[in-house]
Amino acid sequence: MLTEASAAAIVDIPRNRAVLTDGVHVYVELMDFSTQLSSERDTEAAYRRALTFLHLYYGGSDRLIEAFGLQRVDFHGARLHAVVLTPTGADNALERIGRAVAFARTIIAMVARMGGRFNGRYETRVAIGIDAGRAVAINSGRGDEHEPLFIGRPANHAAHLAACGLPGIHLSERVRRALAPLSFTAAQGLDPFEDLVRRSGSTRAAGGFRTLQEAADDEIAKYDVELAVAESQGSLPVFNFHQHTPPLKTLDFKLLVPSRSVLMAMAALFADLDGFTDYVDVSLASGRVNQAVANLHVMRGEFAATVREDFDGRKVRFIGDCLKAVVAEGDASAVDPTKTIDTAFLLAGALRSSFLLCKAELPGIEDLGLAIGVDYGTTPACRIGLRGASGVRCVTSAATCESERLQRTCDGRGTVFGEGAFDAAGLAVRQALRGSRTVSNLTYPNAVRLVKGVAPANIGSIAGPLVQAHNR
């Protein structure tokens with residue numbers, strides 16, 4: 001059921017409801033983090049540094065989100081998605097933009113100050129994308145694994161702006177048009193906050209922005225003091241690692257406090273619904289957004305069931321219309337690389353077969369595609385940031401970053417494997433991936449024939465009814 005937005009927290013949206021919002025979306029990308037992960041030596045000390053940095057960054061970001069009146073949608077490795085939904089109403093559009101811009105400039109300052117705590121290892125440029133407009137908010141999480149997300153153009157476009165490769169604050173044309181009556185002239189990528197304050201045309205609005213900024217500066221200063229005290233007392237979180245015995249579907253993030261985190265080799269898969277943003281735009285314009293939301297719930301349920309029930313893998317999270325999952329084969333003593341990549345290859349094919357089944361059964365999604373990236377490497381799994389339900393499930397490594405990057409290199413028919421996955425693969429998978437390491441239209445039956453040389457038997461959710469998979 002689609003309803004209009006209120007001031008309620010997006011994590012409290014019932015699973016059977018979609019909320020139409022008019023907000024300002026902010027995407028923050030730590031531009032150099034994945035490069036730093038890749039350049040680190042593959043040691044426990046390196047992962048300990050990276051996770052400590054993310055833990056402190058997440059905690060500081062959540063404080064700023066609260067100070068500016070935003071809501072956190074998700075942390076995903078080095079990326080943050082937050083949204084300004086209040087004050088509601090068209091008359092308050094400029095105030096929402098002002099909050100977003102003030103938050104953006106403050107988080108850049110916070111990251112700059114935090115980088116010095118790690119001897120320069122995690123000094124990073126920051127790119128922030130900001131867009132505004134209508135989007136649909138849903139929440140498909142279960143238990144304490146909240147998964148609020150926004151589907152529609154603003155969230156997607158803000159993410160693309162943050163991924164532009166240039167540091168600074170990047171405003172969409174839609175935001176710039178909203179600011180045009182203020183004679184807003186700041187150049188793309190530069191700090192627009194001072195212009196916004198000077199040209200607001202409202203002493204009250206300018207004063208409000210200034211007050212927000214001062215309050216946030218105070219939060220940063222307090223956080224710095226708290227971190228300094230924690231460092232001096234040796235009370236910063238200490239990350240200790242163990243190997244989880246496969247299968248990964250038994251990985252319980254509630255148990256993964258920093259002192260008991262997982263570090264092991266695994267295959268990472270990142271699957272993206274190609275064309276979904278355009279599909280949502282058309283659905284909004286034609287009044288079929290309920291159908292689009294229902295279709296997304298079914299596809300996500302089917303993907304999650306395929307990962308968990310058919311391949312004993314672990315869904316890490318859904319990120320918008322994307323799936324992030326991991327899988328491993330082995331025993332308590334070691335992960336078997338070749339078997340793990342065989343399973344990842346089969347899983348990638350099964351996800352596409354599952355998707356094709358959805359396309360055959362669900363209305364209106366015939367133009368969608370599915371792009372899949374896969375890589376393999378040592379990867380930590382933990383829960384960081386705020387304690388309790390607000391903690392963040394974190395599975396972040398060079399391999400997970402590469403799987404996400406790779407899926408952006410192929411179209412909605414492609415499945416592409418990284419060098420780490422190719423190097424760990426057996427002969428059959430290597431032969432299937434020869435050349436570009438990309439396979440077009442890799443379905444489960446094709447994957448079974450390539451890996452095992454036999455016709456496949458039906459497996460759970462691929463052969464079963466969609467409603468059963470969705471309700472698991």
Side-chain angles (χ1 to χ4, degrees), residues 1-2 13 15-20 134-140 147-157 159-160 269-307 309-310 315 317-325 347-373 404 407-408 410-416 439-447 459-472:
M1 184 173 79
L2 183 66
I13 297 172
R15 280 179 51 82
N16 64 345
R17 185 169 300 167
V19 178
L20 182 61
R134 295 196 309 163
V136 177
I138 63 175
N139 184 13
S140 63
E147 287 190 347
L149 67 100
F150 286 81
I151 57 175
R153 182 72 53 182
N156 187 269
H157 189 47
H160 281 293
L269 296 94
F270 198 93
D272 177 35
L273 285 172
D274 185 41
F276 192 78
T277 298
D278 291 339
Y279 167 62
V280 172
D281 283 349
V282 172
S283 298
L284 281 168
S286 60
R288 293 197 298 268
V289 70
N290 282 334
Q291 182 186 90
V293 171
N295 286 347
L296 180 62
H297 274 303
V298 171
M299 287 186 283
R300 284 158 59 107
E302 180 70 9
F303 293 161
T306 300
V307 171
E309 306 303 330
D310 298 328
K315 180 211 78 180
R317 61 169 31 86
F318 287 109
I319 307 153
D321 57 1
C322 302
L323 164 71
K324 180 178 181 179
L347 172 54
L351 287 172
R352 189 168 305 281
S353 287
S354 177
F355 171 66
L356 293 176
L357 175 61
C358 289
K359 288 185 72 170
E361 298 287 338
L362 299 175
I365 64 169
E366 57 276 358
D367 293 331
L368 298 185
L370 187 69
I372 303 174
E404 182 175 358
Q407 65 81 21
R408 292 195 294 264
C410 61
D411 61 21
R413 297 183 300 275
T415 302
V416 57
V439 182
S440 185
N441 297 315
L442 178 67
T443 62
Y444 179 70
N446 290 337
I459 60 175
S461 65
I462 293 174
L466 289 174
V467 174
Q468 178 184 347
H470 174 51
N471 289 335
R472 276 187 186 137

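No hydrogens, no waters, no symmetry mates; every other heavy atom, side chains included, goes into these values.
- Residues Arg153 and Val280 form no side-chain contact, since every pair of their non-hydrogen atoms from C-beta on lies 4.5 Å or further apart.
- Between Arg352 and Asn446, every side-chain heavy-atom pair lies at or beyond the 4.5 Å cut-off.
- Between Ile138 atom CD1 and Phe318 atom CZ the span is 10.0 Å, to the nearest 0.5 Å.
- Here the closest non-hydrogen pair linking Cys410 and Val416 is SG-CG1, 4.1 Å.
- The CD atom of Glu302 sits 10.0 Å away from the OG atom of Ser353 when rounded to the nearest 0.5 Å.
- In terms of heavy atoms, Gly349 sits closest to Ala447 at CA-CB, 4.4 Å.
- Separating the CZ atom in Phe355 from the OG1 atom in Thr443 is a distance of 13.5 Å, to the nearest 0.5 Å.
- Between the CZ atom in Phe270 and the CD1 atom in Ile372 there is a gap of 12.0 Å [rounded to 0.5 Å].
- Checked by atom type and distance alone, the side chain of Asp411 pairs as donor or acceptor with a backbone atom of Gly414 at under 3.5 Å.
- At a threshold of 4.5 Å between non-hydrogen side-chain atoms, the residues Leu323 and Arg300 do not count as touching.
- The shortest heavy-atom contact between Gln407 and Gly373 is CB-N, 3.5 Å.
- Counting heavy atoms from C-beta outward, Ile151 and Asp321 have side chains that stay 4.5 Å or more apart.
- Here the CG-OG1 distance, from Leu351 to Thr415, works out to 8.5 Å after rounding to the nearest 0.5 Å.
- Under the 4.5 Å side-chain criterion, counting only non-hydrogen atoms from C-beta, Tyr279 is in contact with Ile365.
- Using a 4.5 Å heavy-atom threshold, the side chains of Met299 and Leu362 count as touching.
- Across all non-hydrogen atoms, the minimal contact from Ala18 to Val136 is CB-CG1, 3.7 Å.
- In this structure a side-chain-to-backbone donor-acceptor pair under 3.5 Å is present from Lys359 to Glu366.
- One distance of note links CG of Leu273 with CG of Leu370; it measures 6.0 Å at 0.5 Å rounding.
- The backbone N or O of Ile319 lies less than 3.5 Å from no partner atom in the side chain of Lys324, so there is not a single donor-acceptor pair.
- For the pair Val307 and Leu347, the minimum side-chain heavy-atom distance is below 4.5 Å.
- Here the closest heavy-atom approach between residue Ala135 and residue Phe150 is recorded as CB-CD2, 4.1 Å.
- Annotation: side chain of Asp274 is not in contact with side chain of Arg413 (no heavy-atom distance under 4.5 Å).
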